[in-house]
Amino acid sequence: MSALRDKYAIVGTGKSRLGQVGANSLALLEEAIKNALDEAGLTNKDVDGVVVRGPDDVYSHHQLVAARLGVDASFSTSLDNGGASQILSIILAVMAIEAGLATTVVCGYGRDSWSRTHAKGGAGIAQNDLIPAAQRPKEHGPEFGHFGAVSQHAFGARRHMFEYGTTRDDFAAVAMAFREHALRNPEAVMKKPMTREDYYKARLIVDPFGMFDCSLNSDGAGAVVVTSAERARSLKQKPVLIKGFATHNNTKGWIEEDHMLSTGAVDSGERAFKMAGLGPKDVDTTQIYDCFTYMVLTQLEDYGFCKKGEGGEFVRSGALRMEGSLPTNTSGGQLSEAHVEGMLQIVEGARQLQGVYGVGRQVPDAEIALISGHGGNQVCHSTLILGRA
Amino acid sequence: MSEYNKPIPVPSQESQPYWDGLRERKLMMPRCDDCNSYWFPPSLLCPRCNSSKWTWTKTSGRGRIYSYVVYHRVYHPAFAQEVPYAVAVVELDEGPRMYSNVIGVPPDALSCDMKVEVAYEPITDAITLPKFRPVAA
């Protein structure tokens, strides 16, 4: 795998408008891809690969996206690994280019969850209700009042609290650090500071998670353009090098073995670091899949930024803040910027390495970024390590 | 008695014997004839050794709370009167884990690793739910 280290690059990144946009997911993704291509100085004529994902009920997603772009693709497909899909799309892009199946691949994800949960106005329906009926469990769950992703992750948080003495104060430290970052990011949805009191005053959703432990319900999209590092040299932007990647899916199940305490970040992290020839100490910034506060804490342990069970102490130390030892989710993340299932984490990691931001928003001298993806039925995991060219 | 309006399980061909067992107040699980392990939910092959030789076997119905959460948000209208209510991942002594409710105690009395035993709750002529209650220490 290390033969591929630094051989491929991200040459453009783009976002759509974020938050309560009102556009559909395909239009949002089109907007983000256009921005990414513009940033790369490329057009649809240069694109011969499309690897994307959209809301779970949009069938033949990549075909719809490529049609909007006016691209006949030599390689295109849609992915099914939940929030781990977005890094996987970059991995597949690299594999496709390496195999000679494509030369320039756009990767992206778009969602319109806010619009769809608020289609009839009012306070909105639960995101669970967007899951197509045929995909919902018919037994062994709903009869007990068990529904959806919040509680699945809350089971992990509860067990972690029991085994390691982790507390909601630790989860608050994650939420507050990311909110601080969002306040420095004009694109972020959340605009107000969050105090510890705000965190505890927020209503409980599924205990131990309150509202501020949960990521945002957003419309939005992100996209990147992947090509060879060699080709990147003649393009408009300074490229960001793809140094390492790996996936690991705990597909036996989230509630099986110790999976809710120890994620696929353990294995995918180890192999991604090996491919990159790097370790946790080399990382300047991380962009961690923060569907819930707890998932940041446990993934940081799994990657080896601290020992298993010491994540609470690590996040309480202020490590994740812009001024801390490991600035994390520097855009505000899914908890405070917008929830685009990990795609914006990739955009943010790449931009930090391009050094495009001003003082206070930019991680000084950022050379290496680690980005994570997590999702599906809580079991899919992906890791991407990027480096400054 | 008011009409039962919570979700009623829809058995599959694979799970029908499980629901048949519950109706007779037995918590049955697939058990591998080759490696003796139990698993849940039911499927064609033993997930441990992939043997296709296995037998529906009555479990002890005893186990522990591996983890639990307390729902405050209402995700289904039939649970509007129940919040806050707890959902647990129960680990049976035989190994398999399953979602259920722990009855007879308020949510704030629960803890991880608490010992529990099955309590049968018929909801229709065809379906009896396997719930759990704490076992006196």
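Letters A, B, ... are given to chains in the order of the sequence lines, protein chains preceding strands, and every chain is numbered from 1.
- Atom-to-atom distance recorded for F178(A):CZ and S336(A):OG is 9.0 Å, nearest 0.5 angstrom.
- For the pairing with Y294(A), the ring pair (Phe, Tyr, Trp, His ring centres under 6.0 Å) check across H160(A), H153(A), H374(A) returns one residue only, H160(A).
- Salt bridge R111(A)/D56(A): absent, no basic N to carboxylate O contact under 4.0 Å.
- The candidate with the highest count of non-hydrogen atom pairs below 4.5 Å against chain A, out of F79(B), Y66(B), Y18(B), Y75(B), is Y66(B).
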Can you list the steps and then say if D129(A) with T117(A) is a side-chain hydrogen bond (donor to acceptor under 3.5 Å, both in side chains)? CA-CA 8 Å; D129(A) 296 325; T117(A) 50; over 6 Å; no

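- Ranked by heavy-atom pairs under 4.5 Å with chain A, the list P107(B), P41(B), S100(B) is led by S100(B).
- Defined by atom type and a distance below 3.5 Å, a donor-acceptor pair is missing between the side-chain atoms of R168(A) and Y200(A).
- Along residues 143-151 of chain A, the residues that come nearer than 4.5 angstrom to chain B, judged on non-hydrogen atoms, are E143(A), F144(A), G145(A), H146(A), F147(A), V150(A), S151(A) in order of number.
- Relative ring orientation between W114(A) and H118(A) is described as parallel, the plane-to-plane angle staying below 30° on a 0-90° scale split at 30° and 60°.
- Looking at H259(A) and Q378(A), their side chains never bring a donor and an acceptor atom within 3.5 Å of each other.
- For a residue to count as touching a neighbouring chain, one of its non-hydrogen atoms must lie under 4.5 Å from one of that chain's; by this rule M161(A) does not touch chain B.
- Here K6(B) pairs with E82(B) in a salt bridge; the nearest charged N to carboxylate O distance falls below 4.0 Å.
- Using a 4.5 Å cut-off between heavy atoms, A88(B) contacts chain A through its backbone alone, with no side-chain atom that close.
- Heavy atoms closer than 4.5 Å to chain B are found in the backbone of E257(A), but not in its side chain.
- Ranked by heavy-atom pairs shorter than 4.5 Å toward chain A, the options F40(B), W19(B), Y85(B), Y71(B) are led by Y71(B).
- With respect to chain A, the highest number of heavy-atom pairs below 4.5 Å among I65(B), I8(B), D113(B) belongs to D113(B).
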Could you go through R196(A) and M176(A), starting from their C-alpha distance and side-chain angles, then the distance that decides it, and tell me whether this counts as side chain to side chain contact (heavy atoms under 4.5 Å, CB included)? CA-CA 8 Å; R196(A) 189 174 307 276; M176(A) 288 161 62; 4.2 Å; yes

Test salt bridge (Lys or Arg N to Asp or Glu O under 4.0 Å) on R23(B) and D125(B); report intermediate values, then the result. CA-CA 8 Å; R23(B) 202 170 49 209; D125(B) 289 344; over 6 Å; no

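- For S111(B), no part sits under 4.5 Å from any heavy atom of chain A, backbone or side chain.
- Interface residue P130(B): backbone and side-chain heavy atoms are both found under 4.5 Å from chain A.
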